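Step one of this worksheet: look at the structure below.
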2 protein chains.
Amino acid sequence: MLSNLIDHIKKFITIDEADAEMILTHFQHQLFTKKSLLLEEGQICNKQYFILKGCVRFYINNNKGVEQTLQFGIENWWITDYLSFQYQTPSHFNIQAIEKIEVLSIDRKSFDELLDRIPKLEKYFRLVIQKSFGASQVRIRYLFTMSAEERFHHMNSMFPEFIQRVPQYMIASYLDFSPEFMSKIRAGKV
Amino acid sequence: MLSNLIDHIKKFITIDEADAEMILTHFQHQLFTKKSLLLEEGQICNKQYFILKGCVRFYINNNKGVEQTLQFGIENWWITDYLSFQYQTPSHFNIQAIEKIEVLSIDRKSFDELLDRIPKLEKYFRLVIQKSFGASQVRIRYLFTMSAEERFHHMNSMFPEFIQRVPQYMIASYLDFSPEFMSKIRAGKV
DNA sequence: TTCATTTCTTGAAGTACTTCAAGTTTTTTA
DNA sequence: TAAAAAACTTGAAGTACTTCAAGAAATGAA
């Protein structure tokens, strides 16, 4: 399972056995129960997480006391608040395990050390963030060009298994409409 | 003016005079008139742009024939469609000069060469993208937690000069409401 | 298995915006 | 400097959603 990270890295750059071993020594293998908070608003985000197993959400508390999901993370995804991690400033976001999860985590100090020791990982992390950023732009595009109903049907056709996997109200907030409205869309009452 | 890029790089990593010269040889200095398209939907985005002077917008045509701004770029910002640039796939986005602009551009081939020659630039580009991604997350947060009016007042207090600099209807679309509504907010009629 | 908790559904009432259409002002171009 | 083009304003009418409240169904814990 730990080697998932190594496999992921190998999709982007070439590393040898020694690199792989060195890399893993910088990470901590952690388990969290369902609903654990990996990051809480106000804290400095001191870890970057690579998800080995399970599913997390990245969310905010909007000013009406409602939790709004900005991102989901599943197997083989990185998740962190990059700004807070990089600049060691308090985060505005929360990261929570939606299921029991298994992750590899790396703190800021180990991360810097790792990059010093194996500089070619800079390329790997650049490419990973580039993909995340691209995904974020696509997401904004969908929010701007599709109606609520279209966003739901689109997501449903792209990720049918995922829709089953997490509570509907989280999907609704990710797609930026209310859970009640989601219910109506699904029932074809809209 | 060309050295703006070098200064920007030096904010993130250490480079010497020889590096600086080598870097600049990989870039092309380009001027564009107001309204020029640097990237058009459907094209493969083959350039990354560093803005020396002027202002651009990154936008889509939504399905109602309206242009919706996702991002602005000003002096010392990088702008590109990272996904299209990286994977050489057709872009869904447009990049347009809002003012007469001056940029440094680098194509995919030169970019890869440059990174091979000066690998420490990987860190620079990683940090730049990290910041852009962070900014994009903050933007989504504002869209989700503030009303249209709040978003306007917030932007107005954060970037008063910028609001003067570009047409109101572009700000309105960036903040995700109609130009008419913006007019009403400004007039205090809402 | 049972109870408690979480999640989902439904309808009625409300609202933060959009759309349209027409006029006015500002900026650009020749 | 005049004419054309682009940008902004205003009010009236419409709508895609939200909010509320209450019950039903599913899931989890003991």
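Quick caveat: nothing in here was measured; it's all calculated off a predicted structure. Order of the sequence lines fixes the chain letters, A, B, ..., with proteins taken first and strands second; residue numbering starts at 1 for each chain.
Straight-line distance from the CD atom of A/Glu99 to the C1' atom of D/dT27: 14 Å, rounded to whole Å. Between A/Met170 atom CE and C/dC8 atom P the separation is 9 Å, expressed in whole Å. Taking atom CZ of A/Arg165 as the reference point, atom P of C/dT7 lies 16 Å away to the nearest angstrom.
Salt-bridge annotation for A/Arg126 and A/Glu122: absent, with no side-chain N of the basic residue lying under 4.0 Å from a carboxylate O of the acidic one. In summary, A/Arg57 and A/Glu67 engage in a salt bridge, as defined by a charged side-chain N under 4.0 Å from a carboxylate O. Salt bridge absent: A/Lys34 and A/Glu99 never bring a charged side-chain N and a carboxylate O closer than 4.0 Å. A salt bridge between B/Asp112 and B/Arg108 is present, with a side-chain N of the basic residue lying under 4.0 Å from a carboxylate O of the acidic one. A salt bridge does not link B/Lys184 with B/Glu180: none of the charged nitrogens is closer than 4.0 Å to a carboxylate oxygen.
Heavy-atom distances under 4.0 Å link DNA chain D to no residue of residues 153-163 of chain B.
Ring-plane geometry between B/Phe12 and B/Tyr124 is classed as perpendicular, the angle between the planes exceeding 60 degrees on a 0 to 90 degree scale with a lower cut at 30.
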#### Entry: nucleotides 9-21 of chain D: protein proximity per nucleotide (B base, S sugar-phosphate only, - neither; heavy atom, under 4.0 Å)
BBBB----SBBB-

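Taking 4.0 angstrom as the limit, B/Lys34 places a side-chain polar atom (N or O) nearer than this to OP1 or OP2 of C/dT28.
Panel note: side chain B/Glu150, backbone B/Ser147; a donor-acceptor pair is recorded below 3.5 Å.
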